[in-house]
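Proteins get letters first, then strands, A, B, ... in listed order; numbering begins at 1 in each. Keep in mind that what you see is a predicted model, and the values were worked out from it rather than measured.
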Number of protein chains: 2
Amino acid sequence: MTVSKTAEKSGDATKGRKDAGDAQGQGHAEVLQLGELSEQLGYVLKRAQLKVFENFLRCMATLQLTPAQFSVLLLVEKNPGRNQTEIASTLGILRPNFVALLDNLESRDLCARIRSTNDRRSHILVLTDKGKAVLTRAKKLVATKHESRLNTLLGQANREALLEMLSKIANEF
Amino acid sequence: MTVSKTAEKSGDATKGRKDAGDAQGQGHAEVLQLGELSEQLGYVLKRAQLKVFENFLRCMATLQLTPAQFSVLLLVEKNPGRNQTEIASTLGILRPNFVALLDNLESRDLCARIRSTNDRRSHILVLTDKGKAVLTRAKKLVATKHESRLNTLLGQANREALLEMLSKIANEF
DNA sequence: TATTGTTATACTCTATAACTATA
DNA sequence: TATAGTTATAGAGTATAACAATA
């Protein structure tokens, strides 16, 4: 991809480079021109996404939940009684990759696999009481620290418009 | 308390699961409820970004350019005479990871490293004639096949508003 | 035979340390 | 000593094949 996760402090690409008074004539110093790049939706989308995930992780540091883990907890809470294949595929996670993610959540006693009586191949997923409690705290953290900051930055109306357009892209593009 | 490992008698866990016309008792279910997930900006942002990159790759299949490679070509064209560190850090690519990316572009004769005369440690980056030609074709493909589709989907005004909000997030969040 | 969860594996992207050659 | 490019390497994230248990 174009952008790295926590690369360096944003905006220090030209750190330490001075243009004024460069007697040697080497070293243009200004920030590079992004040019058409700043009009490329994919580029800006990716950089925005990294920023948002980064902030999410900071907000969730106390609960140690990644965006993927949070999405699993939310989906299991909303759809109790579903099996691994259903939860994973809804989130776009491949079944093999879902195993380790679930192992992690289960080892922390946040969710549990229950062998289905109807189809003994299936593992029904449910949140444990601890999982429910953690999810409740997580939602509060996300709302008060994460999403609220986006509201402040964009404004409530804009944030909703943004969400709508992104949903349209995600679903119809 | 924690959830028991033994399956429950599908009481409320499977509530509302059965398809209306399901003759067998095996019930494929309806689509899962995303619930609050569809309001999580990070989640929707990520899915939108994946869709956009996916489409980008399809549009660029003939030229075999990834988003990252395209961004490098664009930036080198706009900022000739810059070295690897400057180009890479502007794009948020770490220097070690930039080496293989450049090796690829150079092996395809799209860009070239030129040892700087001022500082023989530096490699100045330039596009080759082939690189310029390919980039011109790439820009046309992106404009006519990729970005234009986004315009159709969102509308010109909305697309600009989207870009502006994403830029704001990328730069100020 | 088909499906669920799983293992093994591979490939990409990202991240850090350390080397070399210059400065 | 510090910096530019590089190598090696490790860790996530994502992808496919195949196996055991079950249907």
- Message: Can you classify the ring geometry of A/F70 versus A/F56 as parallel (below 30°), tilted (30 to 60°) or perpendicular (above 60°)?
- Response: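 Rings of A/F70 and A/F56: tilted, 30 to 60°.
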
Nearest-Å distance, [atom1] ([X]) to [atom2] ([N])?
X      : N      : atom1 : atom2 : value
B/N97  : D/dA8  : CG    : P     : 14 Å
A/L57  : C/dA15 : CG    : P     : 12 Å
B/H123 : C/dT22 : NE2   : C1'   : 11 Å
A/N104 : D/dG13 : CG    : C1'   : 15 Å
A/D119 : D/dA20 : CG    : C1'   : 14 Å
B/L94  : C/dA17 : CG    : P     : 12 Å
B/L125 : D/dG5  : CG    : C1'   : 11 Å
B/F98  : C/dT14 : CZ    : C1'   : 15 Å

- Message: Would A/E164 and A/K168 count as a salt bridge (Lys or Arg N to Asp or Glu O under 4.0 Å) here? Give the steps.
- Response: CA-CA 6 Å; A/E164 195 183 338; A/K168 199 161 192 176; over 6 Å; no

- Message: Go through it in stages, so that I can follow the logic: the residues are B/E36 and A/K78, the test is salt bridge (Lys or Arg N to Asp or Glu O under 4.0 Å), and I'd like the CA-CA distance, side-chain angles, deciding distance and then a yes or no.
- Response: CA-CA 9 Å; B/E36 299 161 71; A/K78 184 74 179 181; over 6 Å; no

- Item | A/K139 bridged to A/E77 by N-O distance under 4.0 Å |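 Between A/E77 and A/K139 there is a salt bridge, with a charged N closer than 4.0 Å to a carboxylate O.
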
- Message: Minimum heavy-atom separation for A/I169 and B/L150, please, with both atom names.
- Response: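 Closest approach of A/I169 to B/L150: CD1-CD2, 3.9 Å.
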
Heavy atoms from C-beta onward define the side chain here; which of [options] lies closest to that of [X]?
X     : options               : answer
B/R95 : D/dT6, D/dA23, C/dA15 : D/dT6
A/P96 : C/dT4, C/dA15, C/dT6  : C/dT6
B/V99 : D/dT7, D/dT14, C/dT16 : D/dT7

- Query: Looking only at side-chain N and O atoms, does A/R113 come under 4.0 Å of OP1 or OP2 in C/dT6?
  - Reply: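 A/R113 to C/dT6 OP1/OP2: side-chain N or O found under 4.0 Å.
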
- Item | Any B/T85 side-chain N or O less than 4.0 Å from OP1/OP2 of D/dT3 |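 False: B/T85 side-chain N/O out of range (4.0 Å or more) of D/dT3 OP1/OP2.
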
- Position toward the 5' end of DNA chain C (nearest nucleotide), B/R115 or A/R121: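 Here A/R121 is the residue nearer the 5' end.
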
